[in-house]
Amino acid sequence: FGELDMNDYASIPTGYDFHWSSCVIEHLGGISKGIDFLINSAEKLNVGGVAVHTTEFNLSSGIETADNPLTCLYRKSDFVKLAQKASQHGLTLEPIIYDPGSSFLDYFVDTPPYSDIHLRLMIEKYVSTSIGIVIRKDQ
């Protein structure tokens, strides 16, 4: 484990088989900065390495979203862009599961002030949830 400035790509360590972050990339300064981090960190992996990240996913809209310096909500179109960019860098974005679930808990949306238990949050005017991202370094 090591702390790092995720916007300082030179500080990302090399020589590892695995990188991981949990609910951080949505706080790096916007959607494009998060995508840039995902690509730059995965490039630092050893060949065959895997990066696993979770982030906020916008369940309300595939078009409008929160994209500001403090918090952003990724859309499916952002992950399509990430997959294209990853491919250009010799990386593979594993298929993302977009199924929102159908349990009664999947329909509860927590609003501010948030409780300690939730699968969905209202952020600005959008319902969001966590989503997993897996990137492999192939070459």
Side-chain angles (χ1 to χ4, degrees):
F1 172 79
E3 293 182 14
L4 64 107
D5 177 348
M6 295 169 74
N7 285 314
D8 177 12
Y9 307 133
S11 72
I12 299 170
T14 59
Y16 286 89
D17 296 320
F18 184 72
H19 283 177
W20 169 76
S21 76
S22 179
C23 292
V24 177
I25 65 167
E26 65 269 22
H27 304 296
L28 295 181
I31 290 171
S32 63
K33 285 193 175 199
I35 290 173
D36 288 346
F37 167 77
L38 293 171
I39 297 298
N40 281 285
S41 67
E43 285 187 308
K44 301 278 185 128
L45 291 166
N46 291 329
V47 172
V50 176
V52 176
H53 303 277
T54 62
T55 192
E56 295 291 339
F57 180 66
N58 185 337
L59 289 169
S60 295
S61 176
I63 299 169
E64 295 181 13
T65 198
D67 187 6
N68 59 64
L70 297 178
T71 300
C72 62
L73 304 176
Y74 289 83
R75 300 156 295 193
K76 187 174 183 179
S77 61
D78 299 313
F79 296 130
V80 169
K81 180 179 176 182
L82 172 61
Q84 292 167 344
K85 202 168 185 181
S87 179
Q88 295 168 355
H89 290 264
L91 306 166
T92 301
L93 179 67
E94 293 292 330
I96 294 176
I97 299 168
Y98 295 103
D99 181 349
S102 59
S103 162
F104 74 96
L105 292 175
D106 293 315
Y107 294 99
F108 171 72
V109 178
D110 202 1
T111 58
Y114 302 118
S115 68
D116 292 334
I117 301 171
H118 49 247
L119 297 174
R120 308 283 188 260
L121 292 175
M122 182 65 71
I123 297 177
E124 295 183 14
K125 62 180 182 177
Y126 306 104
V127 176
S128 69
T129 191
S130 289
I131 198 161
I133 303 165
V134 178
I135 303 172
R136 286 185 296 109
K137 183 174 182 180
D138 300 322
Q139 38 183 311

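FYI, the numbering just counts along the sequence from 1. All values below were derived from every heavy atom in this structure, side-chain atoms included, with hydrogens, water molecules and symmetry-related copies excluded.
- In this structure Y126 satisfies the ring-ring contact (aromatic ring centres under 6.0 Å, His included) test with no other residue, sequence neighbours excluded.
- When all heavy atoms of I135 and A42 are compared, the closest pair comes out as CG2-CB, 3.8 Å.
- Side-chain contact between D36 and K85 is present, with at least one heavy-atom pair separated by less than 4.5 Å.
- Side-chain atoms of T65 and N58 form a donor-acceptor pair, as typed in the model, at a separation below 3.5 Å.
- R75 and E64 are not joined by a salt bridge, as no carboxylate oxygen comes within less than 4.0 angstrom of a charged side-chain nitrogen.
- Put simply, the side chain of H27 gets close to the backbone of L70: a donor and an acceptor are under 3.5 Å apart.
- Formation of a donor-acceptor pair under 3.5 Å by the T54 side chain with backbone atoms of C23 is found in this model.
- Two residues are said to be in side-chain contact when any heavy atoms from C-beta on lie closer than 4.5 Å; L4 and I12 meet this criterion.
- Between L93 and I96, the shortest heavy-atom contact is CD2-CD1, 4.1 Å.
- L59 and L73 are not part of a single hydrophobic cluster, where members link through side-chain heavy atoms under 4.5 Å apart.
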* Given Y9 and F37, is the ring-ring contact (aromatic ring centres under 6.0 Å, His included) satisfied, shown in steps? -> CA-CA 7 Å; Y9 307 133; F37 167 77; 7.1 Å; no

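- Heavy-atom neighbours of K81 NZ from other residues, nucleotides or ligands within 6.0 Å: at or below the threshold of 12.
- Side-chain atoms of N46 do not come within 3.5 Å of backbone N or O of G49 as any donor-acceptor pair.
- Judged by distance alone, with hydrogens and angles left aside, the side-chain atoms of S11 form a donor-acceptor pair with the main-chain N or O of D8 at under 3.5 Å.
- Here the side chains of I25 and M6 are in contact, with some heavy-atom distance below 4.5 Å.
- Nearest approach of P13 to H19, heavy atoms of both residues: O-NE2, 3.8 Å.
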* Worked check of side chain to side chain contact (heavy atoms under 4.5 Å, CB included) between E124 and N68 -> CA-CA 11 Å; E124 295 183 14; N68 59 64; 2.9 Å; yes

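- Between E56 atom CD and I31 atom CD1 the span is 12.0 Å, to the nearest 0.5 Å.
- Within the model, atoms CD1 of I63 and OG of S77 stand 8.5 Å from one another, a figure rounded to the nearest 0.5 Å.
- Remark: the T55 side chain and the E26 side chain contain an N/O donor-acceptor pair separated by less than 3.5 Å.
- T92 and D138 share a donor-acceptor pair across their side chains, judged by distance under 3.5 Å alone.
- Ring planes of Y74 and F79: parallel class, angle under 30° (limits at 30 and 60°).
- Around atom CZ of F104, no more than 12 heavy atoms belonging to other residues, nucleotides or ligands sit under 6.0 Å away.
- For the atom pair CZ of F108 and CD1 of I117, the computed distance is 9.5 Å after rounding to the nearest 0.5 Å.
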* **Intermediate values then yes/no, side chain to side chain contact (heavy atoms under 4.5 Å, CB included), V127 and M122** => CA-CA 5 Å; V127 176; M122 182 65 71; 3.8 Å; yes

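- Geometrically, K76 engages Y98 in a cation-pi contact defined by less than 6.0 Å to the ring centre and at most 45° from the axis.
- Considering every non-hydrogen atom in both I123 and S128, the closest pair reads CD1-OG, 3.4 Å.
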* For the pair L38 and I133, evaluate side chain to side chain contact (heavy atoms under 4.5 Å, CB included) and give the outcome as yes or no after the intermediate values. => CA-CA 9 Å; L38 293 171; I133 303 165; 4.1 Å; yes

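- The backbone N or O of L119 sits less than 3.5 Å from a side-chain atom of T129, completing a donor-acceptor pair.
- Under the 4.0 Å criterion applied to side-chain N and carboxylate O atoms, D106 and R120 are assigned as salt-bridge partners.
- The CG atom of D110 sits 6.0 Å away from atom CG of L121, with the distance rounded to the nearest 0.5 Å.
- With hydrogens and angles ignored, the 3.5 Å screen pairs no side-chain donor or acceptor of H53 with any backbone N or O of V134.
- When all heavy atoms of L82 and I39 are compared, the pair lying nearest together is CD1-CD1, 3.7 Å.
- Between E43 and K137 there is no salt bridge, since no side-chain N of the basic residue sits under 4.0 Å from a carboxylate O of the acidic one.
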